[in-house]
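For reference, the structure discussed in these notes is given below.
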Amino acid sequence: MSISFELIRNCPETGARLGKLATGHGTVDTPAFMPVGTQGTVKGISTGELTELGTEMILANSYHLYLRPGVEIVARTGGLHRMMNWSGGIITDSGGFQVFSLGGLRKVEDDGVTFTSHIDGSTHYLTPERVMRIQNILGSDIAMVLDQCPPYPMPYAEMQLAVERTTRWAARCRDAHLREEQALFGIVQGGVYRDLREQSAAELVEMDFPGYAIGGLSVGEPKELMYDILDLLDPLLPAEKPRYLMGVGSPDALLEGSRLGVDLFDCVLPTRIARNGRVMTSRGYLNIRNAVYAADTAPLDEECGCPVCANYTRAYIRHLFNAGEILGMRLTSYHNLYFLAQLMLKIREAIRENGFALFYGQMKKKLDQYYGGAGKCKSC
RNA sequence: GGAGAGGUACCCAAGUCGGCCAAAGGGGGCAGACUGUAAAUCUGCUGGCAUUGCCUUCGCUGGUUCAAAUCCAGCCCUCUCCA
């Protein structure tokens, strides 16, 4: 068995689930947030620090690792886990997101996708079979099927084609998947069209994957539409299998996603905004580059217990950013990952204690206040 | 003392045979964006005030002109070379 998922508790009042996902590289307490390490590194954070942060699984990217350093190098260095010195879990994305994000550099056809490398301009042809081979070699604990992730908005007819293609590719990925200890997740597409989501979910469930991802959300649509789709999918996906909402990582969306039955999340948000000076705090986002923090001796977040907040002032971190010092980004990245890890920890505790509904109400009020609008920190 | 080069906005630096110049570009500064990472990236603002517009500004002072950062005169200052 590649992975096992134990559903420990269902929230009696909401769709929230407490679970435990076991892979060949440890277990993951769910709902969980997984930091993104696209190129075999969570940018700026060592694997020792990831462990410190309580990270149990990260997301890496097949397409990027295939381009550089190349799967042969990863294989020769002992596989992705050993290469990056990470003993926890790894999910590899298939490259499906690059079908979306590298819009100008790729051509999608039924058989596969032609990419123009953003690194050197070379041409690469990825099919479901090749993507599976890449992930098999990388040796991630969970592989993802190749999917077509369309942008928002997308006309119905085109979305329908993307759903059908994603289903066909999922079947091909399943057939091409060789590595037994590696699980393969299907990815539900369909944008914000309810019937297409139902169709996509039904077709994938039919294929009996060990877990299901929800893709094609948080690509520009209003959050309410995303939540509607999650609500729709909750009863359609098998309860005994993990659900993974791809690409979602704002605090409010993690809370809402958890309420709607999501077990796994990943997102570049905490690390990316951190490198650009924005930190998540108990009182909303704070841009540490802002002049008001020039002489501020408070920590990033007064309610935070992370080592960054215990040891460094806003004034210092702002100085590091203004001076272009690499430590600034490392500190904010660490803090943001800690912030989300704590949020998920609280969510799990609440479910475990049968107090999620109450917790949700209180936390939602707080997050709406601080993160609901434009994301401005209300204390600023 | 002689010869030459130059002083432009917070800094550096274009522009100088007159108008299209509140003045290129870069830096710095200020703010914003970022959600399965082409991202330590990208965008906007950066003389003042107000709605198009007006006002003050290119070392200083004066002059020529309808019009001057640009032309003329004097002065102040900086740098290089020669004595």
Side-chain angles (χ1 to χ4, degrees), chain A residues 33-45 57-65 67-68 90-106 115-121 140 142-152 166 185 187-189 213-223 226 244-254 256-257 262 264-280 285 287-294 318 320-333 336 340 371 374-377 380:
Chain A
F33 175 78
M34 306 180 289
V36 177
T38 302
Q39 307 201 77
T41 167
V42 177
K43 295 184 191 298
I45 302 295
M57 183 170 273
I58 64 166
L59 178 78
N61 187 283
S62 308
Y63 174 74
H64 288 278
L65 291 169
L67 285 183
R68 186 172 56 191
I90 298 178
I91 295 188
T92 41
D93 191 18
S94 59
F97 185 70
Q98 280 60 48
V99 174
F100 161 82
S101 67
L102 300 181
L105 296 173
R106 110 278 102 149
F115 287 98
T116 303
S117 163
H118 62 280
I119 299 167
D120 62 6
S140 51
I142 299 173
M144 302 303 299
V145 298
L146 183 64
D147 64 328
Q148 183 176 358
C149 178
Y152 175 88
T166 295
F185 281 17
I187 305 178
V188 177
Q189 287 292 346
I214 301 158
L217 289 176
S218 208
V219 290
E221 79 286 355
K223 276 182 178 168
M226 172 167 81
Y244 163 29
L245 176 56
M246 308 186 79
V248 168
S250 66
D252 53 332
L254 292 178
E256 205 65 41
V262 174
L264 295 167
F265 303 85
D266 82 279
C267 197
V268 305
L269 192 69
T271 44
R272 178 182 285 173
I273 67 175
R275 290 193 306 282
N276 296 318
R278 178 163 284 203
V279 293
M280 298 168 172
Y285 291 115
N287 189 340
I288 198 60
R289 296 188 328 248
N290 287 175
V292 288
Y293 305 120
R318 176 176 193 274
L320 293 177
F321 268 88
N322 275 8
E325 284 292 342
I326 200 166
L327 179 62
M329 299 179 193
R330 285 195 7 84
L331 294 178
T332 51
S333 295
N336 279 352
L340 292 189
Y371 289 92
K376 288 281 287 182
C377 172
C380 305

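First the proteins, then the strands, lettered A, B, ... as listed; each starts at 1.
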Would you mind telling me which of G32(B), U35(B), A38(B) lies closest to the side-chain atoms of Ser101(A)?
A38(B)
Rounded to whole Å, how long is the line connecting atom CE of Met280(A) with atom C1' of C34(B)?
11 Å
For U70(B), the Watson-Crick or wobble counterpart (both distances under 3.5 Å):
none
Using a 4.0 Å heavy-atom cut-off across all strands, classify Asp266(A) as base, sugar-phosphate, or nothing.
sugar-phosphate
Hey, are the side chains of Met57(A) and Ile142(A) touching, using non-hydrogen atoms and a 4.5 Å cut-off?
yes
Return the polar atom pairs (N/O with N/O) between nucleotides 43-46 of chain B and the protein under 3.5 Å, or none.
none

Are side-chain N/O atoms of Asp266(A) and Tyr244(A) paired as donor and acceptor at under 3.5 Å?
yes
If you look at every strand shown and take non-hydrogen atoms under 4.0 Å, does Leu59(A) touch a base, only sugar-phosphate, or nothing?
sugar-phosphate
Between U35(B) atom C1' and Glu256(A) atom CD, what is the distance in whole Å?
16 Å
Compare the minimum distances between each of A33(B), G36(B), A38(B) and the side chain of Ser94(A), then state the nucleotide with the smallest one.
G36(B)
Can you tell me the distance, in whole Å, between the CZ atom of Arg68(A) and the C1' atom of A38(B)?
10 Å
Just call it for Ile187(A): base, sugar-phosphate, or nothing, with non-hydrogen atoms closer than 4.0 Å on any strand.
base
Does Arg289(A) use its side chain to pair, donor to acceptor, with the backbone of Arg318(A) at less than 3.5 Å?
no
Is any side-chain nitrogen or oxygen of Ser218(A) closer than 4.0 Å to OP1 or OP2 of U35(B)?
no
With both distances under 3.5 Å as the test, what is the Watson-Crick or G-U wobble partner of G44(B)?
C30(B)
Mark yes or no: Arg278(A) above the aromatic ring of Tyr285(A), with NZ or CZ under 6.0 Å from the six-membered ring centre and no more than 45 degrees from the axis.
yes
Counting distance only, does the side-chain N/O of Thr41(A) pair as donor-acceptor with the main-chain N or O of Gly37(A) below 3.5 Å?
no
Check: protein-nucleotides 27-30 of chain B nitrogen or oxygen pairs below 3.5 Å:
from: C30(B); atom 1: OP1; to: Arg318(A); atom 2: NH2; distance (Å): 2.4
from: C30(B); atom 1: OP2; to: Arg318(A); atom 2: NH2; distance (Å): 3.4

Under 4.0 Å between any heavy atoms, over every strand shown, what does Gly216(A) touch: base, sugar-phosphate, or nothing? Just pick one.
base
Any strand, both distances under 3.5 Å, Watson-Crick or G-U wobble: U57(B) pairs with none
Pairwise P distance for U37(B) and U52(B), with rounding to whole Å:
45 Å
For Gln39(A), report the nucleic acid contact type (base, sugar-phosphate, nothing); a contact means any heavy atom under 4.0 Å.
nothing
Could you tell me the Watson-Crick or G-U partner of C81(B), where both distances fall under 3.5 Å? Say none if there is no partner.
G2(B)
Quick one: are Met34(A) and Leu264(A) in side-chain contact, heavy atoms under 4.5 Å?
yes
On a whole-Å scale, what distance lies between the P atoms belonging to G47(B) and C11(B)?
13 Å
If you measure from the C1' atom in C66(B) to the same atom in U80(B), how many Å do you get, rounded?
42 Å
Nearest-angstrom distance, C1' atom, C10(B) to G29(B)
8 Å
Both His118(A) and Gly247(A) contact RNA chain B. Taking the nearest nucleotide for each, which residue is further toward the 5' end?
Gly247(A)
With heavy-atom distances below 4.5 Å as the criterion, would you say the side chains of Met280(A) and Ile273(A) are in contact?
yes
Nucleotide forming a Watson-Crick or wobble pair with U64(B), both distances under 3.5 Å:
none
Taking 4.0 Å as the cut-off, does a side-chain nitrogen or oxygen of Asn287(A) come that near to OP1 or OP2 on G32(B)?
yes
Assign each of Ile326(A) and Val36(A) to its nearest nucleotide of RNA chain B by heavy atoms, then name whichever residue's nucleotide is nearer the 5' end.
Val36(A)
Pairing partner of U52(B), by Watson-Crick or G-U wobble and under 3.5 Å for both distances, is none
Work out how far the P atom of U46(B) is from that of A22(B), and round it to whole angstrom.
15 Å
Rounded to whole angstrom units, what separation is found between the CG atom of Leu102(A) and the P atom of U37(B)?
10 Å
Just compare A40(B), C34(B), U37(B) and give me whichever is closest to any side-chain atom of Met329(A).
A40(B)
Students often get this wrong, so: under 4.0 angstrom with heavy atoms, is Thr271(A) touching a base, only sugar-phosphate, or nothing?
base
Can you tell me, in whole Å, how much space there is between the C1' of A14(B) and that of A9(B)?
13 Å
Gap between atoms CZ and P, on Arg272(A) and U35(B) respectively (whole Å):
5 Å
If the cut-off is 4.0 Å, is Asn276(A) near the phosphate of A39(B), judged by side-chain N/O to OP1 or OP2?
no
Nearest-angstrom distance from the residue atom CZ of Arg278(A) to C1' of C42(B):
14 Å
Side chains of Gln148(A) and Gln189(A) in contact at under 4.5 Å (non-hydrogen atoms):
no
Measure the shortest side-chain to side-chain distance between Thr92(A) and Ser62(A) over non-hydrogen atoms and say whether it is less than 4.5 angstrom.
yes
Please examine the side chains of Leu340(A) and Pro270(A), heavy atoms only from C-beta on, and report whether any two atoms are closer than 4.5 Å.
yes
Gln98(A) side-chain N/O to G36(B) phosphate OP1/OP2 under 4.0 Å
no
Grab the CG-P distance between Leu105(A) and U37(B) for me, whole Å please.
15 Å
With C1' as the reference atom in both, quote the distance from G26(B) to U8(B) in angstrom, rounded to an integer.
15 Å
For residues 93-105 of chain A, which side-chain N or O atoms pair as donor and acceptor with protein atoms under 3.5 Å away, sequence neighbours left out?
from: Ser94(A); atom 1: OG; to: Gly96(A); atom 2: N; distance (Å): 3.1
from: Ser94(A); atom 1: OG; to: Val145(A); atom 2: O; distance (Å): 2.9
from: Gln98(A); atom 1: OE1; to: Asn61(A); atom 2: ND2; distance (Å): 3.0
from: Ser101(A); atom 1: OG; to: Phe97(A); atom 2: O; distance (Å): 3.4

Just so I know, are the side chains of Pro222(A) and Tyr152(A) near enough to count as touching, which here means a heavy-atom distance under 4.5 Å?
yes
Residue matched to A38(B) through Watson-Crick or wobble contacts both under 3.5 angstrom
none
Expressed as a whole number of angstroms, how long is the span from Ile273(A):CD1 to U37(B):C1'?
13 Å
C1'-based separation of U70(B) from U16(B) [nearest Å]:
4 Å
Counting distance alone, no hydrogens or angles: does the base of G36(B) have a donor or acceptor under 3.5 Å from a partner atom on the side chain of Asp147(A)?
yes
Touch check for Glu221(A), heavy atoms < 4.0 angstrom, all strands: base, sugar-phosphate only, or nothing?
nothing
Does any N or O in the side chain of Arg275(A) come within less than 3.5 Å of the main-chain N or O of Thr332(A), such that one atom is a donor and the other an acceptor?
no
